[in-house]
Amino acid sequence: MPELPEVETTRRMIAPYLEGQTLKSLVYDPSSRYQNLDLALGKKVKRLERRGKYLIAIFEGDKLELIVHLGMTGGFRFEGSSHTRVTVTTEQGTLYFQDSRRFGKWIVVAAGDYSSMPTLHGMGPEPLSSDFDLADFVDAASSCGTVKPWLLSQKPVAGLGNIYVDEALFLAKIHPQSVRLSKEQATKLHAAIIQVLTRAVEVGGSTLSDKTYQQLDGQTGYFQLEHRVYAREGQPCVVCGTPLEKIWLGGRGTHFCSSCQVLGA
DNA sequence: CAAAATGTTCCTGA
DNA sequence: CTCAGGAACATTTT
């Protein structure tokens, strides 16, 4: 499920159950994906933050943090199921973390110690904050390798995954295999990233056909209705009508319009 | 049955 | 040291 809009929507919906609350119990599968969780028992959550696709619960005293990554299929619900991997209880109630593919990760660390998570440690600026500086982005893009894997690395900017990279590149009219972006291209891409993520957060993220990503009560997101290229291969481009293409790039399915997004343009 | 699925990390080789 | 590519991780769905 999880790219920035889905993780941010998740943060907002579970925050009332965690912020200002003491963790009364944490029950989790025996797995190395859930580490040091007992250190958080009895601790009170001060704030629930988000960095890229990571949720970070900061405890009172600022000594410990609980980092949660949703992986590919992780999400929170009011009801448990056969896919429940972690169960959290506070005074506000119980939340069930479902994760069918088990790529999600929970770990309690010393505050700010992200040494065991290189991607979080090297995370680029938050795209929906003033940290996402245009001049810095243009400069970095001028020497980037293939643009799609570069964006997926989380280093130039935090929080983009396969869906929103394809959508942002389409809006900016940049071919996903482009190498080294002009100032003009990078400027358009910077704006496209902000545009697509802002809109996706507004409508609660994307719920794909597998329904993995839902709100606590089963409510879906709605941004999938506004996808312009993702999972639309063969359908007409919303701008020019050309059938959209799907190629394999860096191990990921990649959707684009061969007419609007021209290599070397 | 084979392939693909929203992500991160580790390894290898340049 | 950095970058790119590929495999691994675990499971479900098409």
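Proteins come first, then strands; the chains are lettered A, B, ... in the order of their sequence lines, and each starts at number 1.
- Only one option out of A:Arg232, A:Gln261, A:His255 pairs with A:Asp166 in a side chain to side chain donor-acceptor pair (under 3.5 Å); it is A:His255.
- Using a 4.0 Å heavy-atom criterion, one finds that A:Tyr164 contacts no nucleic acid atom at all.
- Between the CG atom of A:Asp99 and the P atom of B:dG7 there is a distance of 13 Å, rounded to whole Å.
- For the pair A:Leu249 CG and B:dA4 P, the interatomic distance rounds to 14 Å; values are reported in whole Å.
- Of all nucleotides listed (B:dG7, B:dA4, B:dT9), B:dA4 comes nearest to the side chain of A:Trp248.
- Between atom SG of residue A:Cys260 and atom CG of residue A:Leu169 there is a gap of 13.0 Å, rounded to the nearest 0.5 Å.
- Across the C1' atoms, B:dT8 and C:dT13 are found 22 Å apart, a figure rounded to whole Å.
- When each of B:dT8, C:dT12, B:dA5 is scored by its nearest atom to the side-chain atoms of A:Lys53, the top-ranked nucleotide is B:dT8.
- Going from atom CG of A:Leu152 over to atom C1' of C:dG6 covers 15 Å, rounded to whole Å.
- Residues passing the ring pair (Phe, Tyr, Trp, His ring centres under 6.0 Å) test with A:His190, sequence neighbours excluded: A:Phe132, A:Phe137.
- Only A:Arg101, A:Arg102, A:Phe103, listed by number, bring a heavy atom of residues 101-126 of chain A to less than 4.0 angstrom from any atom of DNA chain C.
- Between A:Arg50 and A:Glu126 there is a salt bridge, since a side-chain N of the basic residue sits under 4.0 Å from a carboxylate O of the acidic one.
- Between the CG atom of A:Leu55 and the C1' atom of B:dG7 there is a distance of 14 Å, rounded to whole Å.
- The residues A:Lys188 and A:Glu184 are annotated as not salt-bridged, no charged nitrogen and carboxylate oxygen being separated by less than 4.0 angstrom.
- Side-chain N/O atoms of A:Lys155 include none lying less than 4.0 angstrom from OP1 or OP2 on C:dA4.
- A close approach under 4.0 Å does not occur between any side-chain nitrogen or oxygen of A:His83 and OP1 or OP2 of C:dT11.
- The shortest distance between side-chain heavy atoms of A:Thr84 and A:Phe97 does not fall below 4.5 Å.
- Counted by atom type alone, A:Glu6 and A:Tyr164 present one or more donor-acceptor pairs between their side chains at under 3.5 Å.
- Of the P atoms belonging to B:dT9 and C:dT12, the separation is 23 Å, rounded to the nearest Å.
- The ring of A:Phe223 has its center no closer than 6.0 angstrom to the ring center of A:Tyr230.
- With pairs defined as Watson-Crick or G-U wobble and both atom distances under 3.5 Å, the stems of at least three pairs that touch DNA chain C come out as B:2-5 with C:11-14, B:7-14 with C:2-9.
- Between A:Val179 and A:Cys144 the shortest heavy-atom distance is CG1-O, 3.7 Å.
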